[in-house]
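As structure tokens, the structure follows; a few thoughts come after it.
To find a chain, count down the sequence lines: A is the first, B the second, and so on, and within it residues start at 1.
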Amino acid sequence: MCGRFTQYTPKKQIAEVFNLDPGGLFDLSPRYNIAPTQQVAAVGQTKDGRRKLAMLRWGLIPSWAREMPGGAKTFNARAETLQQRPTFRDALGLRRCLVIADGFYEWGKDKTPVYFYDSMGKPMAFAGLWDSWKSGEGKTINSCAIITTEANGLVKPVHDRMPAVLYPAEYGWWLDRDGTDAGELGKLLRPYQASLMKAHPVSKRVNDVRNDGEVCAAPLNLPLIT
DNA sequence: CCAGACGTTGTT
DNA sequence: GTCTGG
DNA sequence: CCAGACGTTGTT
DNA sequence: GTCTGG
């Protein structure tokens, strides 16, 4: 599962990793406790093939929704059932994106939060889907869901699901609007290699969405001096 | 035909 | 217990 | 994901 | 919008 994550790599590096045009990039403030319903940074691709950074509401609102849904039930999408879900099926074919992250949190049965991140400290890309919804007042909200898959060996002791993390070589494939069928794309939504990740328990401070800052992701046994 | 749902997770 | 808000 | 509310009336 | 249930 993926219900909380971080994003603190500065935009200059993000532009390099995701091959974005540095012009037209907005500022990304470091965040250590991103929760559903908040705005998240994502990379999409325009019809003419250019990559674009966007801020999306985390919690996908389908274009056909009559009302703005209360709460956020669609912030994750199971990789195994995407094609059977009216909420996600169209997006899988047409509106895929990369949700930019540096790591994610999972809570074990004992309620201890654990932070998972790239072993080299590089940003990650979660496979995502987005949609565009228009309210009765004519206000447009672009939103997204993060795809989940089976947990890898590192995550499994804590939780049986994790976000579908893509490898850099797969970014283009996932974002391309044509030349890919849903079955082929599904192959990308597998557990990320455990040896490329690290993990450590963190304080329960991350539980409360009002808390942010490095302390949320800091190792429990090496607390930051604050 | 119309009405109503449309989602994931974890826990006992 | 269940829903909403972040 | 977790935290916090879960209600109506009338008054300033 | 599209599908299921009645």
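The NZ atom of A:K134 sits 12.0 Å away from the OG atom of A:S63 when rounded to the nearest 0.5 Å. Put simply, SG on A:C144 and CE on A:M55 are 9.5 Å apart, with the number rounded to the nearest 0.5 Å. Here the CZ-CD distance, from A:R89 to A:Q83, works out to 9.5 Å after rounding to the nearest 0.5 Å.
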Pairwise N/O distances under 3.5 Å, protein to nucleotides 4-6 of chain C:
unit_1	atom_1	unit_2	atom_2	d
C:dG6	N9	A:T37	OG1	3.4
C:dG6	N7	A:P36	O	3.2
C:dG6	N7	A:T37	OG1	2.8
C:dG6	N2	A:R4	NH2	3.3

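On the C1' atoms, D:dG4 is 30 Å away from B:dG4, given to the nearest whole Å. Distance noted for atom C1' between C:dG1 and D:dT9: 27 Å (whole Å). Atom P of C:dT2 sits at a distance of 16 Å from the matching atom of B:dC6, rounded to the whole Å. Comparing the same atom, P, in B:dA5 and in C:dT4 gives a spacing of 13 Å after rounding to whole Å. For the C1' atoms, the distance linking D:dC2 with B:dT8 amounts to 15 Å, nearest Å.
Between the CG atom of A:D131 and the P atom of B:dC6 there is a distance of 17 Å, rounded to whole Å. We find that CZ of A:F88 is positioned 14 Å from C1' of B:dA5, with the value rounded to whole Å. Whole-Å rounding puts the A:L94 CG to E:dG1 P distance at 15 Å. As a whole-Å value, the separation of A:K111 NZ from D:dC1 P is 8 Å. Rounded to a whole Å, the CG atom of A:D160 is 11 Å from the C1' atom of B:dT8. The CG atom of A:D208 sits 12 Å away from the P atom of D:dA5 (whole-angstrom rounding). The distance from atom CH2 of A:W58 to atom P of D:dC1 is 10 Å, rounded to the nearest whole Å. Taking atom CG on A:N33 and atom C1' on D:dA3, their separation rounds to 12 Å, with Å as the unit.
For A:E184, the salt bridge (charged side-chain N to carboxylate O under 4.0 Å, His left out) criterion is met by A:K187, not counting sequence neighbours. Residues satisfying the salt bridge (charged side-chain N to carboxylate O under 4.0 Å, His left out) test with A:K73, not counting sequence neighbours, are none.
Looking at A:E150 and A:P191, their side chains come closer than 4.5 Å, going by heavy atoms from C-beta outward.
Judged by distance alone, the side chains of A:D102 and A:T6 never bring a donor and an acceptor atom under 3.5 Å apart. Side-chain contact, A:Q193 with A:N152: no donor N or O sits under 3.5 Å from an acceptor N or O. Neither side chain, A:T148 nor A:N76, offers a donor N or O lying under 3.5 Å from an acceptor on the other.
At a threshold of 4.0 angstrom between heavy atoms, the contacts of A:D90 with the nucleic acid are absent.
Taking every heavy atom of residues 78-86 of chain A and every atom of DNA chain B, pairs under 4.0 Å involve A:R78, A:T81, A:R85, A:P86, by number.
Distances shorter than 4.0 Å separate none of the side-chain N or O atoms of A:T74 from OP1 or OP2 on B:dT8.
Residues A:Y8, A:Y32, A:Y105, A:W107, A:Y115, A:V202, A:V206 make up the rest of the hydrophobic cluster containing A:Y117, defined by ILVMFWY side-chain heavy atoms closer than 4.5 Å, directly or through other members.
In this structure, A:R66 and A:C2 both approach DNA chain B, and ranking their closest nucleotides by distance from the 5' end singles out A:R66.
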* To do: Run the numbers on A:W130 and A:F88 for ring-ring contact (aromatic ring centres under 6.0 Å, His included), then give the verdict.
  => CA-CA 9 Å; A:W130 65 276; A:F88 302 126; over 10 Å; no
* To do: Whenever both distances are under 3.5 Å in a Watson-Crick or G-U wobble pair, mark it; put DNA chain C into dot-bracket that way, with [ ] for crossing pairs and | when the partner is on another strand.
  => ||||||
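Between A:Y171 and A:F18, the two ring planes are parallel [angle under 30°; tilted spans 30° to 60°].
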